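All residue numbers refer to positions in the sequence shown, counting from 1. Quick caveat, the model's predicted, so the values are computed rather than measured.
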Amino acid sequence: MKQGSWLKSLRHTDYIRSVLVHPTLSRVLSSSDDMLIKMWDWEKGWKCTQTFQGHSHYVMQVVFNPEDTSIFASASLDATVKIWNLSSPAPVATLNGHSKGLNCLDFFMMGDKLRLITGSDDFTVKEWDYETKRCVGTLEGQTQNVTSCCVHPQLHMIITTSEDNTIRLWGENRPLLTLDYGLQRVWAVGGKQGSCQFAFGCDNGITMLKVSMDVDSEASD
């Protein structure tokens, strides 16, 4: 394939909010404002092999279960998380607890227990026990919509971003550090696997953050 060559347009009927590549299979998930999640197989000419239906508002993000990648979770502005199996078009479970729409979610391990975190337009982040599907903690402190969230892979520290212009670090259900680099609203966080470095996308630029055990930080625009 030539560099920059066009492959194929993967179509929804409204804006696409997230795209997720399966770690081992030739499949890609896409979620959309059309309230659907679709699965595409590039070994079958990018054929849509499954459409997942069950949300009643925009589907903002999808993430795979790291313990079983035949399972994934989705966050929606209908204020729910839904759990899905790649083999079925209907959700296998629904998590309720936020009072407004969800923008983001992430899986992480807490000891030998699988957990989920979710960020919402109700300004909170919730932590869920995956086995019981129950909320086991709520982080409060953001003053606007929570736009993205992730968990530090070594330190088990929760990192959130918000439309209140801040990046926040949380540990043991309490705030550890709040950062505002003057770049206005913070929309996205990404981290390199096995690294303590994270990148954040903001209205007016990108900032990098290095997180250590004592929550020291270094940032550059």
Side-chain angles (χ1 to χ4, degrees), residues 17-18 20 23 29 31 37 55 58-69 71-84 91-164 166-179 186-196 198-201 209 211 215:
R17 294 287 182 166
S18 73
L20 183 66
L29 295 178
S31 68
I37 303 162
H55 282 297
Y58 304 162
V59 187
M60 303 299 286
Q61 188 179 5
V62 288
V63 292
F64 283 115
N65 177 343
E67 297 288 284
D68 180 357
T69 55
I71 303 294
F72 69 95
S74 57
S76 170
L77 291 188
D78 64 12
T80 70
V81 173
K82 291 190 183 294
I83 310 297
W84 311 79
V92 298
T94 299
L95 281 60
N96 292 284
H98 284 284
S99 60
K100 291 186 177 181
L102 277 66
N103 297 306
C104 53
L105 76 169
D106 193 21
F107 279 105
F108 69 102
M109 297 299 298
M110 180 65 70
D112 61 350
K113 292 186 177 296
L114 184 61
R115 296 285 175 86
L116 266 169
I117 53 168
T118 53
S120 170
D121 287 347
D122 64 13
F123 308 168
T124 71
V125 175
K126 290 186 180 293
E127 183 177 332
W128 307 81
D129 183 297
Y130 179 75
E131 183 177 356
T132 65
K133 308 298 188 290
R134 294 178 182 236
C135 178
V136 294
T138 300
L139 305 178
E140 298 180 329
Q142 308 276 188
T143 59
Q144 285 293 330
N145 302 337
V146 180
T147 53
S148 67
C149 59
C150 70
V151 178
H152 192 293
Q154 284 81 39
L155 304 183
H156 300 294
M157 185 184 300
I158 293 172
I159 302 172
T160 62
T161 68
S162 172
E163 291 184 50
D164 66 11
T166 67
I167 300 163
R168 297 185 189 235
L169 280 62
W170 311 79
E172 298 179 353
N173 290 322
R174 64 183 180 88
L176 299 176
L177 187 65
T178 299
L179 302 167
V186 191
W187 295 104
V189 56
K192 181 180 178 181
Q193 188 172 7
S195 170
C196 292
F198 294 85
F200 300 87
L209 177 68
V211 182
V215 204

**Student:** Tell me, with the steps shown, if Thr166 and Gln142 meet side chain to side chain donor-acceptor pair (under 3.5 Å).
**Tutor:** CA-CA 8 Å; Thr166 67; Gln142 308 276 188; 3.1 Å; yes
**Student:** Hey, what do you get for CG (Asp129) to CZ (Arg134), rounding to the nearest 0.5 Å?
**Tutor:**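 With rounding to 0.5 Å, CG (Asp129) is 9.5 Å from CZ (Arg134).
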**Student:** Does the plane of the ring in His152 sit parallel, tilted or perpendicular to the ring in Phe198? Use 30° and 60° as the thresholds.
**Tutor:** tilted
**Student:** Please answer whether the main-chain N or O of Leu95 pairs with a side-chain N or O of Thr80 as donor and acceptor at a distance below 3.5 Å.
**Tutor:**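 The answer is no, because no donor-acceptor pair under 3.5 Å joins these two groups.
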**Student:** Hey, could you give me the OG/CD1 distance between Ser76 and Ile37, rounded to the nearest 0.5 Å?
**Tutor:** 8.5 Å
**Student:** Could you check if a side-chain atom of Arg115 sits within less than 4.5 angstrom of a side-chain atom of Val136, using non-hydrogen atoms only?
**Tutor:** yes
**Student:** Without swapping roles, check the side chain of Asn103 against the backbone of Val146 for a donor-acceptor pair under 3.5 Å.
**Tutor:** yes
**Student:** Search all heavy atoms of Leu169 against all heavy atoms of Met157 and return the closest pair with its distance.
**Tutor:**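 Taking Leu169 first and Met157 second, the nearest heavy atoms are CD2-SD, 3.4 Å.
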**Student:** Please find the pair of heavy atoms, one from Cys149 and one from Cys104, that lie closest to each other, and give the distance.
**Tutor:** SG-SG, 3.5 Å
**Student:** Just wondering, do Val59 and Arg17 contact through their side chains at under 4.5 Å, heavy atoms?
**Tutor:**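 In short, these two side chains do not touch, never coming nearer than 4.5 Å.
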**Student:** How far does CG of Leu116 sit from OH of Tyr130, to the nearest 0.5 angstrom?
**Tutor:** 8.0 Å
**Student:** Rounded to the nearest 0.5 Å, what's the gap from CZ on Arg174 to CG on Leu139? Could you check?
**Tutor:**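 It comes to 11.5 Å.
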**Student:** Are Ile167 and Ile159 packed together at the side-chain level, in the sense that at least one heavy-atom pair is separated by less than 4.5 angstrom?
**Tutor:**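 Yes, side chains in contact.
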**Student:** Keeping Asp122 on the side-chain end and Ser99 on the backbone end, is there a donor-acceptor pair under 3.5 Å?
**Tutor:**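 Flag set: sc Asp122 to bb Ser99 pair under 3.5 Å.
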**Student:** Stepwise, does the side-chain contact (heavy atoms from CB on, under 4.5 Å) test hold for His98 with Val81?
**Tutor:** CA-CA 9 Å; His98 284 284; Val81 173; 6.0 Å; no
**Student:** Are any of the side-chain heavy atoms of Asp164 and Phe123 separated by less than 4.5 Å?
**Tutor:**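 Of all side-chain heavy-atom pairs linking Phe123 with Asp164, none is under 4.5 Å.
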**Student:** Determine the minimum heavy-atom distance between Pro23 and Thr69, stating which atoms define it.
**Tutor:** CG-CG2, 3.6 Å
**Student:** Keeping Gln61 on the side-chain end and Leu105 on the backbone end, is there a donor-acceptor pair under 3.5 Å?
**Tutor:** yes
**Student:** I need the Asp106 CG to Ile158 CD1 distance, nearest 0.5 Å.
**Tutor:** 9.5 Å
**Student:** Between Pro66 and Leu114, is there a side-chain heavy-atom distance shorter than 4.5 Å?
**Tutor:**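 Result yes, sub-4.5 Å side-chain heavy-atom pair found.
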**Student:** Ser162 side chain to Asn145 main-chain N or O, any donor-acceptor pair under 3.5 Å?
**Tutor:**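 It does hold such a pair.
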**Student:** Between Asp121 and Leu77, is any pair of side-chain heavy atoms under 4.5 Å apart?
**Tutor:**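 The answer is yes; the side chains approach within 4.5 Å.
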**Student:** List the atom of Ala79, the atom of Lys100, and the distance in Å for their closest heavy-atom pair.
**Tutor:** CB-O, 3.3 Å
**Student:** To the nearest 0.5 angstrom, please state how far the CD1 atom of Ile83 sits from the OG atom of Ser74.
**Tutor:**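 Here the interatomic distance stands at 7.0 Å.
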**Student:** Please report the shortest heavy-atom distance between Thr147 and Thr161, naming the atom on each side.
**Tutor:**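 The pair with the smallest heavy-atom distance is OG1-OG1, 2.6 Å.
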**Student:** Using every non-hydrogen atom in the two residues, find where Lys133 and Trp128 come nearest and quote the distance to one decimal.
**Tutor:** O-CE3, 3.9 Å
